[in-house]
Protein chains: 2
Amino acid sequence: MATNQLAGWSVLGDRTRRTIFERLTNRPSAVGDLAKGLPVSRPAVSQHLRVLKEAGLVVDRPAGNRRIYAINPDGLGELRAELDRFWTSAMTAYKAAVEQPDEEKT
Amino acid sequence: MATNQLAGWSVLGDRTRRTIFERLTNRPSAVGDLAKGLPVSRPAVSQHLRVLKEAGLVVDRPAGNRRIYAINPDGLGELRAELDRFWTSAMTAYKAAVEQPDEEKT
DNA sequence: ACGCACCGTAAGCTAACACTTACGAACCTG
DNA sequence: CAGGTTCGTAAGTGTTAGCTTACGGTGCGT
């Protein structure tokens with residue numbers, strides 16, 4: 001499935017990719033339709049979709065002539081978990097560090 | 001102030017920068033100490049810290065010979081808000097799209 | 001004052017990345 | 001079958017991003 005375990009952060013670091021991803025949260029779309037609303041060419045969108053797919057964030061399904069891309073619920077969950085992990089880890093460590101300024105007093 | 005409004009994603013998209021940021025959540029540190037635990041040189045860490053600082057995620061304070069970098073609580077809050085905004089937006093749109101699969105044609 | 005440690009910045013290099021055009025495959029419609 | 005879509009991929013290009021080395025500035029200790 002997802003070839004990368006923690007790709008969410010870096011994958012969504014790109015603006016275009018975030019836009020594509022957000023559009024897909026609104027509705028599943030074909031490649032050409034996505035490209036129409038973007039300032040980049042259709043093959044560029046296709047390549048972004050491949051990256052998103054390899055990260056497990058989207059899934060694709062053939063529909064006759066076209067290919068419909070949609071959000072992958074599992075990938076969405078993993079992304080959520082990744083963000084949660086990062087955030088809680090950062091917050092707990094930060095709180096602990098604030099409440100114990102033991103190390104280095106200025 | 002944070003020079004960018006949505007810098008969180010792209011700034012923390014880099015692995016080294018995420019590591020530095022997480023280390024700073026544990027305890028404020030000087031540049032050299034940070035560089036010691038990383039596979040990159042000290043100037044590289046310095047440059048990363050500048051990016052983090054411009055994004056409003058960290059603050060620095062001179063301490064004699066050295067310069068102590070620490071997490072910026074305001075930046076942490078803004079990051080939290082940004083992640084929340086992204087997540088809720090994505091989730092609400094996604095749920096709505098799932099409950100109305102009639103819109104597939106465009 | 002002298003030497004040493006710590007740090008920021010400039011300059012330059014390299015690899016990765018996002019993008020384009022060109023091409024071929026698969027599909028539907030007449 | 002012929003023609004027109006839709007799409008993925010290969011090949012090539014320009015830019016950016018992260019990294020290194022080199023250098024200058026500042027503060028501390030002897």
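Sequence lines set the chain letters: A, B, ... in the order given, protein chains first and strands last, and positions in each chain run from 1.
A 4.5 Å side-chain heavy-atom check between B/L57 and B/L76 finds every atom pair outside the cut-off. For the pair B/K53/B/V59, no side-chain contact is recorded, criterion being any heavy-atom separation below 4.5 Å from C-beta on. Side-chain contact check for A/N26 versus B/Y94: every heavy-atom pair is 4.5 Å or farther apart.
Phosphate proximity of D/dC19 to B/T16: present, with a side-chain N or O under 4.0 Å from OP1 or OP2. OP1 and OP2 of C/dC19 both lie 4.0 Å or more from every side-chain N or O belonging to A/S41. Between B/R15 and the phosphate of D/dG18, there is no side-chain N or O to OP1/OP2 separation shorter than 4.0 Å.
Applying the side chain to side chain donor-acceptor pair (under 3.5 Å) definition to pairs two or more places apart or across chains, those involving residues 67-77 of chain A are A/D60-A/R67.
Distance CD1 (A/I68) to P (D/dC7): 7 Å, rounded to an integer number of Å. The interatomic distance linking B/I20 (CD1) with D/dG18 (C1') rounds to 11 Å, in whole Å. Straight-line distance from the CZ atom of B/R61 to the P atom of D/dG27: 16 Å, rounded to whole Å. Counting to the nearest Å, the P atom of C/dC19 and the CG atom of A/L34 are 14 Å from each other. Separating the CG atom of B/L38 from the P atom of D/dG18 is a distance of 14 Å, rounded to the nearest angstrom. Straight-line distance from the CG atom of B/D14 to the C1' atom of D/dC19: 11 Å, rounded to whole Å.
The aromatic rings of A/F21 and B/F86 lie parallel to each other, with less than 30° between the two planes, well short of the 60° mark.
The nearest heavy atom of DNA chain C to A/V40 and to A/N65 marks one nucleotide each, and the one closer to the 5' end goes with A/V40.
Interface residues of residues 43-52 of chain A facing DNA chain D, ordered by number: A/P43, A/S46, A/Q47, A/R50; criterion, heavy-atom separation under 4.0 Å.
The nucleotide whose nearest atom lies closest to any side-chain atom of A/R42 is, among C/dC27, C/dC7, D/dG8, D/dG8. Side-chain proximity of B/R67 to C/dG8, D/dT21, C/dC19: nearest is C/dG8. Set against D/dG8, C/dC7, C/dG8, the side chain of B/Y69 has C/dG8 as its closest nucleotide.
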Evaluation steps, side-chain contact (heavy atoms from CB on, under 4.5 Å), between B/L12 and B/L79: CA-CA 10 Å; B/L12 291 177; B/L79 176 63; 3.8 Å; yes
Check against salt bridge (charged side-chain N to carboxylate O under 4.0 Å, His left out), B/R80 and B/D84: CA-CA 6 Å; B/R80 165 74 162 170; B/D84 263 359; 3.8 Å; yes
